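Below is one structure, written out as structure tokens; the observations come after it.
A, B, ... follow the sequence lines: proteins, then strands. Residue 1 opens every chain. All values derive from a computational prediction rather than experimental measurement.
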Protein chains: 2
Amino acid sequence: MDAKHPVRTTEKTLALVEELMEKGPCGVTELASDLDMGKSAVHNHLTTLQKHGYVLKDGDDYRVGLKFLEVGGHSRKSMEVYQVAEPEVKSLAADTGELANLLVEEQGMGVYLMRAKGDDAVDLDTYAGLRTNLHTTALGKAILANLPESRVDEIIERHGLEQKTPKSIGTRQELFQVLEAVRERGYAIDDGERLEGLRCLAAPIKSSSGEVLGAISVSAPASRVSDEDLHGSLPERVLSAANVVELNINY
Amino acid sequence: MDAKHPVRTTEKTLALVEELMEKGPCGVTELASDLDMGKSAVHNHLTTLQKHGYVLKDGDDYRVGLKFLEVGGHSRKSMEVYQVAEPEVKSLAADTGELANLLVEEQGMGVYLMRAKGDDAVDLDTYAGLRTNLHTTALGKAILANLPESRVDEIIERHGLEQKTPKSIGTRQELFQVLEAVRERGYAIDDGERLEGLRCLAAPIKSSSGEVLGAISVSAPASRVSDEDLHGSLPERVLSAANVVELNINY
DNA sequence: CGTCACCGTTCTCCGGACCAGAACACTTAT
DNA sequence: ATAAGTGTTCTGGTCCGGAGAACGGTGACG
């Protein structure tokens, strides 16, 4: 699905935006040397982006503007799974007091659509829009477990199986074993794989035709989640929330 | 501040994205005729955007992807006023049971950074990232009232004073009278200007140097907000929330 | 206070990239 | 079969993006 005739100028613009996002506000010269472009080229791109609200000038530095939030927010708002799941994720967070999340798959990566914090929630540095490898989170595993095997292989090939921590899944075989277990149980678990001491439990959201639309999770410190909770009351709540979403989507 | 040497190719890409956002998912031919471009040009741009995650192909249609949410979310997350105000807006919504909002000014427009819903909150079609004319909302008026007069004039010149409803502010003189009243009171009110039957109350967030950083509001149906509330207990709560944010920002 | 070094911005001109238009592959309807 | 629609590919001519140099401003330094 690669572009046969990529628009190079557009790619330069996008590279600039991403560089600006990663480095935070910075100046023309710095961007030019980082991206091997001339100063005038960088300047032309930045002023063009600024004219349309995608970039702002703060003194002598440029930074990415909130226009991206407008486009992205609009995109999210128009997704049915978000509209339906949003209140459920919020009440899941309120009921458990922990951190609840909603993730969807896009281009083989997981994208957080939202997070809701209960009264005792841990504060992870996730945010709406953040991308993550699917195999590294309970949310992602809940989704992968409900994709066709061929699709999972495509995703592995495209994005690899990077190990975030020593506990992470590192091989195709290991992943497929885990996914099989997820299918049997109906939910996915992350016990300290992503972050030491953090336990997550995620359930898939499936359409009536069996296609997976996303996943809902609760993340909590291990100190508050006993082994019994992890396979007893907690899955019940998360699965129930996911089920409500499924029913509302399928009418 | 216009671009002296705009990158036309980039502008075409951005026009495509915005058209795609407004019309929702659609095909190459339709976009091409809407934007007076050749089909091949549209196709090249779309595949380029797709390659980088900014656009997706759904069957034969294209739609904007969640990459915009990633960039926009990152940008929002890195704003100090958001980080500090977010918990306050949430507790304001929880305490009042109504809809609470956070708005900042960017390029003369108001941008909603977040909204939080209390238990009885009305459901407006605002969303994080949405842009609005500053003079049409209580939030915007709270901000305008704390900008230098020259800046307000620039904004009027750039964006006009479009009247959303017959009650809207329509002239410069009228606006400045209202802003003077806002400065005296310390908070701004919208009594059905934006939407019949909806009352909003907003307070500015100012830095220690007096610069306005944004505004916090509560929106509620008129049926639940008496005239006494509107000038008594409600302003107290909103002003208090704004004040907490100011203290936390200025350490 | 002159000097220097750095910044962002402007300018010009040439090489290369964008894109109109035509052809292609495919689906759907008649 | 035929036709009319779609998205995609291809090529050549034209126009525009961008390297590099020059400009204007600002802050540091002796």
Side-chain angles (χ1 to χ4, degrees), chain A residues 1-65 75 106-107 154 158, chain B residues 1-65 75 106-107 154 158:
Chain A
M1 280 307 163
D2 255 20
K4 294 285 183 207
H5 300 283
V7 183
R8 283 167 241 265
T9 307
T10 296
E11 292 195 308
K12 285 178 192 169
T13 300
L14 298 179
L16 255 172
V17 167
E18 280 172 40
E19 186 70 17
L20 208 49
M21 174 177 86
E22 281 166 25
K23 302 197 58 164
C26 63
V28 173
T29 307
E30 192 172 351
L31 288 170
S33 71
D34 287 350
L35 298 173
D36 279 309
M37 295 170 63
K39 285 201 294 176
S40 65
V42 171
H43 185 259
N44 289 339
H45 281 262
L46 288 176
T47 51
T48 305
L49 284 165
Q50 181 184 23
K51 179 177 164 189
H52 296 268
Y54 292 88
V55 152
L56 304 185
K57 191 161 53 171
D58 243 4
D60 270 354
D61 281 353
Y62 288 87
R63 62 179 178 85
V64 303
S75 173
E106 197 174 277
Q107 312 233 20
E154 274 173 38
R158 178 144 170 215
Chain B
M1 279 305 164
D2 257 20
K4 292 284 183 210
H5 300 282
V7 183
R8 284 165 243 263
T9 307
T10 296
E11 293 196 307
K12 285 177 192 168
T13 300
L14 299 179
L16 256 172
V17 167
E18 280 173 39
E19 185 71 16
L20 208 49
M21 174 176 88
E22 282 166 25
K23 300 198 59 163
C26 62
V28 173
T29 306
E30 192 172 352
L31 289 170
S33 71
D34 286 351
L35 298 173
D36 279 309
M37 297 171 63
K39 285 202 294 176
S40 67
V42 171
H43 186 260
N44 290 156
H45 281 263
L46 288 176
T47 52
T48 305
L49 284 165
Q50 181 185 23
K51 179 177 165 189
H52 296 269
Y54 292 89
V55 152
L56 303 186
K57 190 162 57 171
D58 242 5
D60 270 354
D61 281 354
Y62 288 86
R63 64 180 177 84
V64 303
S75 173
E106 197 174 278
Q107 313 234 25
E154 275 174 37
R158 178 144 170 217

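Regarding contacts with the backbone of D:dG18, every side-chain N or O of A:H43 stays at 4.0 angstrom or more from both OP1 and OP2. Between D:dT6 and B:Y62, no contact under 4.0 Å exists linking OP1 or OP2 to a side-chain N or O.
Every pair passing salt bridge (Lys or Arg N to Asp or Glu O under 4.0 Å) that includes a residue from residues 33-48 of chain B is listed here, sequence neighbours excluded: B:K23-B:D34.
Listed by residue number, B:G27, B:V28, B:T29 are the residues of residues 21-36 of chain B with a heavy-atom contact under 4.0 Å to DNA chain D. Residues from residues 7-18 of chain A placing a heavy atom under 4.0 Å of any atom in DNA chain C, listed by number, are A:V7, A:R8, A:T9.
Heavy-atom minimum distance, A:V64 versus B:S75: O-OG, 3.3 Å. Heavy atoms only, all atoms of each residue included: A:V55 and A:Y62 are closest at CG1-CD2, 3.7 Å.
Distance, A:H45 NE2 to D:dG17 C1': 7 Å, rounded to whole Å.
Bounding nucleotides for the chain A contact on DNA chain C, 5' to 3', at a heavy-atom distance below 4.0 Å, are C:dC7 to C:dC18.
Summary of the strand contacts: B:S40 and A:K39 both lie near DNA chain C, and taking for each the nucleotide with the nearest heavy atom, the more 5' one is attributed to A:K39.
Separating the NZ atom in A:K4 from the OG1 atom in B:T48 is a distance of 13.0 Å, to the nearest 0.5 Å.
Stems are defined here as 3 or more consecutive Watson-Crick or G-U wobble pairs with pairing distances under 3.5 Å; those involving DNA chain C are C:3-6 with D:25-28, C:8-30 with D:1-23.
In this structure the side chain of A:H5 never reaches within 4.5 angstrom of the side chain of B:H43, judged on heavy atoms.
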Quiz: residues 9-16 of chain A side-chain donor-acceptor pairs under 3.5 angstrom, not counting sequence neighbours:
| from | atom 1 | to | atom 2 | distance (Å) |
| --- | --- | --- | --- | --- |
| A:T10 | OG1 | B:T13 | OG1 | 2.6 |
| A:E11 | OE2 | B:K51 | NZ | 2.9 |
| A:E11 | OE2 | B:H52 | NE2 | 2.9 |
| A:T13 | OG1 | A:T9 | O | 3.2 |
| A:T13 | OG1 | A:H45 | ND1 | 2.7 |
| A:T13 | OG1 | B:T10 | OG1 | 2.6 |

